[in-house]
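Below is one structure, written out as structure tokens; comments come after it.
Below, chain A is the first sequence line, B the second, and so on; all start at residue 1. Note: hydrogens, waters and symmetry copies are ignored here, and every other heavy atom, side chains too, is used.
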There are 2 protein chains.
Amino acid sequence: MNKQKRFSDAEFDAVECSVSHQSLFDCLTKDEINMLDEFKSCLTFKKSQQIFNEGNYPLGIYCIDHGKVKLSHSGEDGKMQIVRLATAGNIIGYRALFCNEKYNASAIALDDTSVCFIPKDVFMKVLSLNTQLAQNFIRLLATDLRKAEDHMTELAQRPVRERMAKALIALRDLYGLVKGETTINVSLSREEIADIVGTATETTIRLLAELKNEGIISFSGKKISIENMAALEKIAHCYQPSYQYSR
Amino acid sequence: MNKQKRFSDAEFDAVECSVSHQSLFDCLTKDEINMLDEFKSCLTFKKSQQIFNEGNYPLGIYCIDHGKVKLSHSGEDGKMQIVRLATAGNIIGYRALFCNEKYNASAIALDDTSVCFIPKDVFMKVLSLNTQLAQNFIRLLATDLRKAEDHMTELAQRPVRERMAKALIALRDLYGLVKGETTINVSLSREEIADIVGTATETTIRLLAELKNEGIISFSGKKISIENMAALEKIAHCYQPSYQYSR
DNA sequence: GGCGATTTGTGATGTTTGTCATATTTATCA
DNA sequence: TGATAAATATGACAAACATCACAAATCGCC
């Protein structure tokens, strides 16, 4: 793709993991890319390993080269809430870094995952040099914030069944389908789905069984397929009360 | 405060509304302040008037000179969720601007409010000139995002009574007390409190009455006092189940 | 392959909470 | 000030959902 200059293998790796997927780093100059390359390191995590841990201070940011990650925040009684999901090309760990806070959520690999770690100092240096990069992160944060606000409103107002439908659609949108199959390309436990939807694990199990009975989804273990997207979207969008008060 | 140069009255106003309250604009040079001054305009809103409206495109940002503002997002069935509250010195309207989106929430004055409007072009220009300003907004957004994530988790996991206690404490922290009194310095309807807590208006009314009976708060109309902060904090932090299953 | 641990599934149960109806109080404005 | 609208309050009730208990299936690992 980039024919103007031959990169060494190491450099090319960094370009891979920062630029190829993500428009965020499009704006970097060669010098800036080289700065990042010099200090970046590539790390791999097996499924269910922690990439960073809620309560620790951030040391840098992580660009996901390939794999899937959940950002899981612990509630007061220890129950987890998944506040964001990430996939190849996404960056994680930037929020805490930007306000010098402890991580508010743990990042856990949902799959074997490889990431590119950029140390705090180098990243912040490049951020201060490149106005466009700063604006790209501003846009990213502002988008995250809108999503969070929408999610807050749904959690406060919408019933579990509707949130479940929305979550299944969102999972398919983010992770797509396993190629050659109709199953959503992410493997989540019932508990993890519950932590996305914001409900009890048992309720999630019952609700998935219900949707399966209705022919809207099908599943075997953690492989979930959407069989009737129109019906699922209907549940997700327009909430039909499942009961009517007598009149 | 700023003795280095005499400002005209108009200039001084702008400095007042952008710099005096808020550290966000500390980093501006004189030239940058002058740019903002030249194009800013001051607007006033009476209680319950809209400053901007969900669904419209932003034309600039608003710095609150004095007053109080709610940012209220409409749920699917039209029920409102208050996603942020703002007071003098805060800035509003920046989120939508940063990602070129429609406003995701309406800004409504909770009190007679005066704001300083800075048009999009000028603001974005200054933002691109001043790296420190960009980083300040990055920090602001990152902080907003953490708050939103915490709130999401609470909405998903904590009972209404606990969220109500948290909300009352947050209101006192943000708006303080009416001077010479013990009442929280903001006037909200029961419906607005419900839209903060994420519950039905009737539930809010009942819960406030309950807290009043317990001597934890007192109120007359919209004037609410916290009578027993320790007890309220206990409700807010450590959730004690109000029932026990038989064993 | 088999054993223990984890995950998934199911039933019973009752709390929490929202909804509707309606009264009462408070605010608004001619 | 009085009429009218809006906000607050209260009761009845049922749905939504969590919790606990325990059974069945699946997974991980030696």
Practice item. Could you tell me the separation between the CD atom of A:Gln157 and the C1' atom of C:dT19, rounded to a whole number of Å? Key: 15 Å
Exercise for review: Establish, yes or no, whether the cationic atom of B:Lys212 lies under 6.0 Å from the six-membered ring centre of B:Phe219 and within 45° of the ring axis.
Suggested key: yes
So which protein nitrogen or oxygen atoms get under 3.5 Å of nucleotides 6-10 of chain C's nitrogens or oxygens?
residue : atom : partner  : partner atom : Å
C:dT8   : OP1  : A:Lys222 : NZ           : 3.1
C:dT8   : OP2  : A:Arg190 : N            : 3.1
C:dG9   : OP2  : A:Arg190 : NE           : 2.9
C:dG9   : OP2  : A:Arg190 : NH2          : 3.4

Exercise for review: Give a yes or no on whether A:Glu191 atom CD has more than 12 heavy-atom contacts from other residues, nucleotides or ligands under 6.0 Å away.
Suggested key: no
Practice item. Evaluate side chain to side chain donor-acceptor pair (under 3.5 Å) for A:Thr183 paired with A:Glu181, printing each intermediate quantity in order. Key: CA-CA 6 Å; A:Thr183 57; A:Glu181 301 182 34; 3.2 Å; yes
Revision key, fill the gap. When rounded to whole Å, the CE to P distance for the pair A:Met164 and D:dC17 reads 11 Å
Could you pull out all donor-acceptor pairs under 3.5 Å where a side-chain atom in residues 94-101 of chain A meets a protein atom, sequence neighbours excluded?
residue  : atom : partner  : partner atom : Å
A:Tyr94  : OH   : A:Arg84  : NH1          : 3.1
A:Tyr94  : OH   : A:Asp144 : OD2          : 2.5
A:Arg95  : NH1  : A:Glu101 : OE1          : 3.0
A:Arg95  : NH1  : B:Ala142 : O            : 3.0
A:Arg95  : NH2  : A:Glu101 : OE1          : 3.1
A:Asn100 : OD1  : A:Lys120 : NZ           : 3.1
A:Glu101 : OE1  : B:Arg146 : NE           : 2.7
A:Glu101 : OE2  : B:Arg146 : NE           : 2.8
A:Glu101 : OE2  : B:Arg146 : NH2          : 3.1

Study note, to complete from the structure: A:Glu210 CD to D:dA15 C1', in whole Å, measures 13 Å
Practice item. Can you tell me the distance, in whole Å, between the NZ atom of B:Lys223 and the C1' atom of C:dT26? Key: 16 Å
Review point. Taking only N and O in the side chain of B:Thr203, is any of them less than 4.0 Å away from OP1 or OP2 of C:dG18?
Key: yes
Practice item. Could you give me the CA-CA distance, side-chain angles and deciding distance for B:Asn213 and B:Glu210, then say whether side chain to side chain donor-acceptor pair (under 3.5 Å) is met? Key: CA-CA 5 Å; B:Asn213 279 341; B:Glu210 196 177 298; over 6 Å; no
Practice item. Going by the side chain to side chain contact (heavy atoms under 4.5 Å, CB included) test, name the single residue among B:Asn185, B:Leu85, B:Asn90, B:Leu174 that passes it with B:Lys68. Key: B:Asn185
Review point. Whole-Å distance between C:dT19 C1' and B:Asp77 CG?
Key: 12 Å
Practice item. Among B:Leu188, B:Ile196, B:Ile82, B:Val83, find the one that has a side chain to side chain contact (heavy atoms under 4.5 Å, CB included) with B:Lys70. Key: B:Ile82
Study note, to complete from the structure: Overall bend of the helix from C:dG1-D:dC30 to C:dA30-D:dT1 (five pairs an end, 10° steps) is 60°
Check your understanding: Per the ring-ring contact (aromatic ring centres under 6.0 Å, His included) rule, which among A:Tyr57, A:Phe45, A:Tyr62 passes with A:Phe52?
Key -> A:Tyr62
Review point. Hey, is NZ on B:Lys79 packed in by over 12 heavy atoms from elsewhere, all under 6.0 Å?
Key: yes
Practice item. Could you tell me the separation between the CG atom of B:Leu207 and the C1' atom of D:dG11, rounded to a whole number of Å? Key: 17 Å
Check your understanding: Rounded to whole angstroms, how far apart are CD1 on B:Ile224 and C1' on D:dA7?
Key -> 14 Å
Exercise for review: For C:dG18, take OP1 and OP2 only and decide whether either is under 4.0 Å from a side-chain N or O of B:Thr199.
Suggested key: yes
